[in-house]
Amino acid sequence: MTILVTGGAGFIGSNFVHHCLGQSDEAVVNLDALTYAGNLGNLARWAGDPRHVFVKGDIGDRALVDQLLQTHQPRAVINFAAESHVDRSIHGPADFIQTNVVGTFHLLEAVRAYWMGLAADASGLTPPSQSHFRFLHVSTDEVYGSLSPTDPPFTETKAFEPNSPYSASKAASDHLVRAWHHTYGLPVLTTNCSNNYGPYHFPEKLIPLVIHNALAGKPLPIYGDGQQIRDWLYVQDHCSAIACVLQSGVPGETYNIGGWNEKPNLDVVNTICQLLDQMRPRSDGLSYATQITYVTDRPGHDRRYAIDARKIERELGWRPAESFETGIRKTIAWYLDNADWVANVTSGAYRQWVDQHYG
Ligand code: NAD
Ligand code: DAU
């Protein structure tokens with residue numbers, strides 16, 4: 001059997017490819033446009049393994065997606081591909097609309113045609129059967145908007161109130177996915193996850209940026225007062241949750257995924273500094289916390305996200321394996337061991353973008 005993964009050269013997608021290829025014999029077709037955020041180095045360990053078929057291309061390229069679906073006959077399509085960084089969406093929203101909204105639309109249409117074709121092949125000669133096929137759309141808690149300190153965590157029934165161009169584009173894609181189920185019967189699953197962290201996280205996002213900047217002797221930028229709250233989930237826990245939803249989720253349902261790890265940004269940064277002080281002390285004996293620098297806040301910055309993950313726990317039996325304390329230690333160890341990866345992904349196109357926007 002085969003699954004088609006989109007965006008599988010990015011942070012979460014590549015961790016998911018590792019998860020799949022490491023835990024089953026199933027083949028993975030990996031469609032990724034290799035934007036600045038996609039790195040084949042994330043997948044180096046599968047080079048030469050015939051179960052991993054990498055295809056460079058766009059989810060919005062209908063002819064390409066049609067051809068991949070017909071050739072590989074996947075039992076499932078998992079859509080990770082997206083523009084994912086809120087700051088970038090503020091600087092330039094067009095790519096977010098193009099990939100996250102228009103791209104998802106074209107992908108859904110290709111998948112719908114493929115899925116309908118499976119009905120015609122129901123003679124049993126062409127795997128998989130139409131009834132077993134699934135389209136799983138990976139989305140974010142940011143679609144729900146921002147919480148006050150006393151609000152309960154987001155449940156799956158919370159109204160969408162996206163506040164950034166990124167979250168608005170993801171909300172739009174979630175709505176398309178919902179409509180393709182409601183109108184056409186496409187067997188979709190949607191997951192809305194909190195902030196991930198772990199290996200292969202691009203160092204533009206808070207946790208890898210702070211680790212990278214700390215080691216490079218650069219400022220650790222805290223937006224505003226640093227009291228914004230995020231709910232952190234170790235990426236491999238996210239991958240196990242997606243595998244669980246793919247296996248047992250009910251078509252048409254959405255599942256929140258979170259780690260019950262709400263933390264203010266400043267606490268996260270201080271924790272990283274304390275761990276780095278132990279694991280790779282500065283040569284001058286000072287704490288990395290001396291590099292913390294308060295900077296202008298992100299426009300429209302959401303104050304708090306928190307996920308109520310009781311539905312996936314109750315209905316599908318999934319729980320995260322890592323606490324924040326164990327996950328962040330593993331993450332820092334990975335970055336200390338993979339300085340070459342960081343140097344590689346922070347050169348080239350990424351460097352140009354930073355220079356262009358931040359001088
Ligand atoms: P990422 O930016 O690290 O990776 C995105 C990948 O998609 C890259 O490999 C990129 O090359 C690829 N891509 C972009 N546009 C494409 C296109 N048009 N066609 C094909 N491939 C394309 O993102 P991530 O952090 O791994 O996030 C993956 C998914 O999970 C996204 O949908 C994101 O919205 C969602 N999500 C992320 C988080 C998080 O904390 N990172 C949390 C919840 C949900
Ligand atoms: O909640 C899920 C979302 O988490 C995903 O959908 C997004 O794809 C992912 O990028 C992430 O979005 P955030 O905006 O929460 O992540 P980021 O790492 O950019 O920022 C985390 C918090 O840290 C946020 O409150 C902004 C703040 N921050 C970020 C950076 C990069 C800083 O204070 N300083 C920084 O330099």
Side-chain angles (χ1 to χ4, degrees), residues 1-8 11-28 74-80 128-144 147 152-158 170 174 177-178 181-182 185-199 230-263 305-331:
M1 299 290 269
T2 299
I3 59 171
L4 172 62
V5 166
T6 74
F11 165 45
I12 304 172
S14 62
N15 276 283
F16 187 76
V17 171
H18 294 310
H19 179 94
C20 289
L21 293 174
Q23 300 214 344
S24 83
D25 293 332
E26 209 163 34
V28 174
R75 71 169 175 98
V77 174
I78 306 181
N79 184 29
F80 292 95
S129 73
Q130 191 191 39
S131 61
H132 286 114
F133 178 80
R134 296 287 182 269
F135 177 84
L136 192 154
H137 179 61
V138 179
S139 192
T140 171
D141 58 2
E142 299 201 13
V143 299
Y144 297 123
L147 295 168
F154 303 127
T155 63
E156 288 81 356
T157 55
K158 163 81 175 65
K170 290 297 290 187
D174 290 15
V177 171
R178 175 189 157 89
H181 174 73
H182 190 80
L186 189 68
V188 306
L189 299 155
T190 299
T191 55
N192 293 90
C193 188
S194 59
N195 284 59
N196 286 218
Y197 67 102
R230 297 293 182 266
D231 181 357
W232 294 95
L233 181 71
Y234 193 60
V235 65
Q236 285 158 17
D237 280 329
H238 187 189
C239 293
S240 73
I242 290 170
C244 173
V245 172
L246 185 62
Q247 172 79 19
S248 310
V250 176
E253 290 292 311
T254 65
Y255 297 90
N256 281 353
I257 304 171
W260 304 102
N261 278 313
E262 284 187 64
K263 305 221 173 281
Y305 304 139
I307 278 281
D308 182 333
R310 282 179 298 179
K311 178 177 174 180
I312 188 173
E313 291 175 6
R314 188 178 60 243
E315 296 186 7
L316 307 186
W318 173 86
R319 276 175 202 282
E322 302 289 344
S323 66
F324 187 72
E325 289 66 32
T326 58
I328 194 69
R329 192 176 275 277
K330 283 185 182 178
T331 301

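The model shown is predicted, which means the values in this text are computed figures rather than measured ones.
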> Going through the checks in order, is the side chain to side chain contact (heavy atoms under 4.5 Å, CB included) test met by K311 and T155?
Replying inline: CA-CA 8 Å; K311 178 177 174 180; T155 63; over 6 Å; no
> Under the side chain to side chain donor-acceptor pair (under 3.5 Å) criterion, do S139 and D174 qualify, and how do the steps go?
Replying inline: CA-CA 7 Å; S139 192; D174 290 15; 2.8 Å; yes
>> I'd like to know whether H18 forms a side chain to side chain contact (heavy atoms under 4.5 Å, CB included) with F16, so could you lay out the CA-CA distance, the side-chain angles of the two residues, the decisive distance to 0.1 Å, and finally the verdict.
In response: CA-CA 5 Å; H18 294 310; F16 187 76; over 6 Å; no
> Does the side chain to side chain contact (heavy atoms under 4.5 Å, CB included) test come out yes or no for L136 and I242, once each step is laid out?
Replying inline: CA-CA 8 Å; L136 192 154; I242 290 170; 4.0 Å; yes
>> Determine whether V235 and Y197 satisfy the following criterion, side chain to side chain contact (heavy atoms under 4.5 Å, CB included), listing intermediate values before the conclusion.
In response: CA-CA 5 Å; V235 65; Y197 67 102; over 6 Å; no
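A pairwise comparison of heavy atoms in L189 and Y255 identifies CD2-CE1, 4.2 Å as the closest pair. The two residues H181 and P187 come nearest to each other via the heavy atoms ND1-CA, 4.4 Å. When all heavy atoms of E26 and T2 are compared, the pair lying nearest together is CG-N, 3.9 Å. For the pair V17 and G8, the tightest heavy-atom approach, listed with the atom from each and the gap, is CG2-O, 3.9 Å. The two residues G258 and P320 come nearest to each other via the heavy atoms O-CG, 4.2 Å. Residues P152 and L147 approach most closely at O-CD2, 3.5 Å, considering heavy atoms.
Residues I312 and E156 are not in side-chain contact: their nearest non-hydrogen atoms beyond the backbone lie 4.5 Å or more apart. The side-chain heavy atoms of V177 and F135, taken from C-beta on, include a pair separated by under 4.5 Å. Using a 4.5 Å heavy-atom threshold, the side chains of R134 and P251 count as touching. Between F133 and V77, some side-chain heavy-atom pair lies under the 4.5 Å cut-off. Side-chain contact between I78 and I3 is present, with at least one heavy-atom pair separated by less than 4.5 Å. Contact annotation: the side chain of T326 approaches that of S323 to within less than 4.5 Å [non-hydrogen atoms, C-beta and beyond]. For the pair V28 and L21, the minimum side-chain heavy-atom distance is below 4.5 Å. The shortest side-chain heavy-atom distance between Y144 and N256 falls under the 4.5 Å cut-off.
Between the side chains of N261 and Y234, no donor N or O sits under 3.5 Å from an acceptor N or O. Side-chain contact annotation: Y305 with E142, donor-acceptor N/O pair under 3.5 Å present. Side-chain atoms of S194 and W232 include no donor-acceptor pair closer than 3.5 Å. N79 and T6 share a donor-acceptor pair across their side chains, judged by distance under 3.5 Å alone.
Counting non-hydrogen atoms of neighbouring residues, nucleotides and ligands closer than 6.0 angstrom, the CD atom of Q247 reaches no more than 12 such neighbours.
For R319, the salt bridge (charged side-chain N to carboxylate O under 4.0 Å, His left out) test picks out E313, with sequence neighbours left out.
For the atom pair CD1 (I328) and NZ (K263), the distance works out to 10.0 Å, reported to the nearest 0.5 Å. Distance check: N15 CG to N196 CG gives 8.5 Å after rounding to the nearest 0.5 Å. In this structure, the separation between SG on C244 and CG on L316 is 4.5 Å, given to the nearest 0.5 Å. To the nearest 0.5 Å, atom NZ of residue K170 and atom OG1 of residue T190 are 9.5 Å apart. Interatomic distance, CD1 of I12 versus CG of L233, reported as 8.5 Å (0.5 Å rounding). Residue N195 holds its CG atom at 6.0 Å from CG of D141, rounded to the nearest 0.5 Å.
A salt bridge links K330 with E322: the closest approach of a Lys/Arg side-chain nitrogen to an acidic carboxylate oxygen falls below 4.0 angstrom.
Ring centers of F11 and F80: at least 6.0 Å apart, outside the cut-off.
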